[in-house]
Amino acid sequence: MNKLSRVQATLADLIAFPTISVDSNLQMMAYLEESLTKVGARVTLQHDATGKKANLWASLGPEVDGGVILSGHSDVVPVEDQDWTTDPFTLVEKDGLLYGRGTCDMKGFIAACIALAPDFAKLDLKRPIHFAFTYDEETACLGAQALVKMLAKSPVKPAIALIGEPTEMRVIEGHKGCCEYTTRFTGLEGHGSNPNAGVNAVEYAVLYVSKLLELREGLKSRAPEGSRFDPPWTTINIGGLHGGVAHNVIVGKAEVDWEFRPVQATDYDYVTTEITRYATQELLPKMQAIHPEAAIHTETLGEVAGLEPMEINAARDLLAELTGANSADVVSFGTEAGLFQSIGIDAVVCGPGSIAQAHKPDEFVAKDQLAACIKILEGVAHRLTQ
């Protein structure tokens, strides 16, 4: 069986695991653990608090610094209410395309890593190859957040992380972060004929939204010089404003769904500091002057670090050399790459398939994309023998 056929067979196995984010990924992790253990890898499973999900961390080669991480997430998005023409959890080949949920996002990359692991194990590696497969990337990168905390304490320091998200094998050196929140306002209900006798939660939510929009305008002037993002600055979006039961009732509860996508860490600090100050020092005292039990609480749904383009990035340079690319791009979608960058590991995003197919019915990856991925992974492995 040639290498591409091995990758396709492995991908068929992985697609059969319905690892939707709300469900367990343990069966798939057991499969990956067995596959890597067979070829001599040192394998660790890192479970979440429920015990129903796990990250996998595995290594081939010497236990020394300077290795390369091959990173992918095990979870996929749901298939409900999507019009699939094939079984989403059975790999189907048509005209050189492989269909199934997760084929491009991102089990195709994981399959390539696992199918090539026996070849990697036979190499005289001077630096290690690490495999990092995570849970819950599609929700809030929860698995990767736990994994990088573990890696930050490890005595062995990898140098490079390759995140195999679908980029059509283009080299990606940057993407924005994504921070999602729900802010809830608790006021005091009353009759609408006397607004001053209550604390209208929607009115304060509106003021909060107005402040976010003010910050959004201010962020335009903070765009990094030469930023290649579209738009080039950090954005804020209001996803929802909910509250109220009737025209003549002072609203007691309201909530705002919002998110922002920082292009740089300083913008994250700026937005979170300013909106927290506004809520606690300006809005809340006015609310509690009328009703001492009034409250504002913000729930963090997810904070995914962006991947900041860096002048010096060994991961980018290695992938550019292997792919023959003359430059690296930036993208609008988020990945786990910024989390690796946050602990001092040079990171790059490059993987088979197109993001245009991700999350859609009849998701697919082209076989020629997997062939290109095989070539790059082999190139990475051989560099570690030098």
Side-chain angles (χ1 to χ4, degrees), residues 2-4 6-7 10 32 35-44 56-72 106 108-133 147-148 151-152 154-165 167 169-174 307 309-329 335-337 339-341 343-352 369-386:
N2 64 36
K3 292 174 183 177
L4 182 57
R6 280 160 46 193
V7 172
T10 304
L32 298 177
S35 300
L36 290 168
T37 300
K38 280 183 179 179
V39 299
R42 304 177 295 278
V43 183
T44 298
L56 181 144
W57 174 259
S59 303
L60 286 169
E63 296 186 60
V64 297
D65 294 347
V68 173
I69 300 170
L70 305 178
S71 174
M106 56 183 298
F109 177 77
I110 296 176
C113 294
I114 295 301
L116 293 178
D119 300 330
F120 298 159
K122 296 174 184 176
L123 298 174
D124 182 19
L125 296 170
K126 302 298 190 297
R127 290 164 290 163
I129 296 176
H130 304 289
F131 303 84
F133 304 134
L147 180 68
V148 297
L151 295 183
S154 172
V156 175
K157 304 298 182 185
I160 286 173
L162 166 57
I163 294 79
E165 290 277 8
T167 69
M169 299 308 297
R170 292 183 300 125
V171 180
I172 303 302
E173 65 173 337
L307 177 63
M310 307 293 287
E311 184 176 348
I312 299 175
N313 184 335
R316 174 202 60 208
D317 295 345
L318 173 60
L319 266 294
E321 186 176 344
L322 292 174
T323 61
N326 295 320
S327 62
D329 297 325
T335 78
E336 297 170 334
L339 291 166
F340 291 103
Q341 186 182 66
I343 59 170
I345 298 173
D346 285 2
V348 68
V349 185
C350 183
Q369 285 282 298
L370 293 178
C373 182
I374 290 170
K375 182 178 179 181
I376 296 305
L377 290 177
E378 289 180 325
V380 170
H382 281 285
R383 288 302 176 88
L384 296 176
T385 65
Q386 299 173 1

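Since this is a predicted model, take the numbers as computed values, not measurements.
- No donor-acceptor pair under 3.5 Å is formed between the side chain of Asp346 and the backbone N or O of Ala159.
- Proximity of Met169 to Pro352: side-chain heavy atoms (C-beta onward) are separated by under 4.5 Å at one or more points.
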key: Test log, rule side chain to side chain contact (heavy atoms under 4.5 Å, CB included), inputs Leu318 and Val348   = CA-CA 9 Å; Leu318 173 60; Val348 68; over 6 Å; no
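- The structure places CD1 of Ile345 at 12.0 Å from CG of Asn313, a figure rounded to the nearest 0.5 Å.
- Side-chain contact between Lys3 and Asp119 is present, with at least one heavy-atom pair separated by less than 4.5 Å.
- Of all non-hydrogen atoms in Ala58 and Val43, the two that sit nearest each other are CB-CG2, 3.9 Å.
- Put simply, the side chain of Leu162 reaches to within 4.5 Å of the side chain of Leu377, judged on heavy atoms.
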key: Steps toward side chain to side chain contact (heavy atoms under 4.5 Å, CB included) verdict (Val68, Ile129)   = CA-CA 5 Å; Val68 173; Ile129 296 176; 5.6 Å; no
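- Counting only heavy atoms from C-beta outward, the side chains of Leu56 and Leu36 approach each other to under 4.5 Å.
- With contacts defined as side-chain heavy-atom distances shorter than 4.5 Å, the pair Phe131/Leu60 qualifies.
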ask   = Can Trp57 and Ile69 be said to form a side chain to side chain contact (heavy atoms under 4.5 Å, CB included), step by step?
value = CA-CA 9 Å; Trp57 174 259; Ile69 300 170; 3.8 Å; yes
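- A heavy-atom distance below 4.5 Å is not found between the side chains of Thr335 and Leu307.
- Side-chain contact between Phe340 and Leu151 is present, with at least one heavy-atom pair separated by less than 4.5 Å.
- Here Leu147 contributes atom CG and Glu336 contributes atom CD; the two are 8.0 Å apart, rounded to the nearest 0.5 Å.
- Ser59 contributes no side-chain N or O that, together with a main-chain N or O of His130, makes up a donor-acceptor pair within less than 3.5 Å.
- With a 6.0 Å radius and a threshold of 12 heavy atoms from other residues, nucleotides or ligands, Lys38 has its NZ atom at or below the threshold.
- Between Leu384 and Phe120, every side-chain heavy-atom pair lies at or beyond the 4.5 Å cut-off.
- The neighbour count for Lys375 NZ, taken as heavy atoms of other residues, nucleotides or ligands under 6.0 Å away, does not exceed 12.
- Interatomic distance, CG of Leu319 versus CD1 of Ile376, reported as 6.5 Å (0.5 Å rounding).
- At distances below 3.5 Å, at least one donor-acceptor pair connects side-chain atoms of Arg316 with backbone N or O atoms of Met310.
- More than 12 heavy atoms of other shown residues, nucleotides or ligands fall within 6.0 angstrom of atom CG in Asn2.
- A donor-acceptor pair under 3.5 Å is formed between the side chain of Asp65 and the backbone N or O of Lys157.
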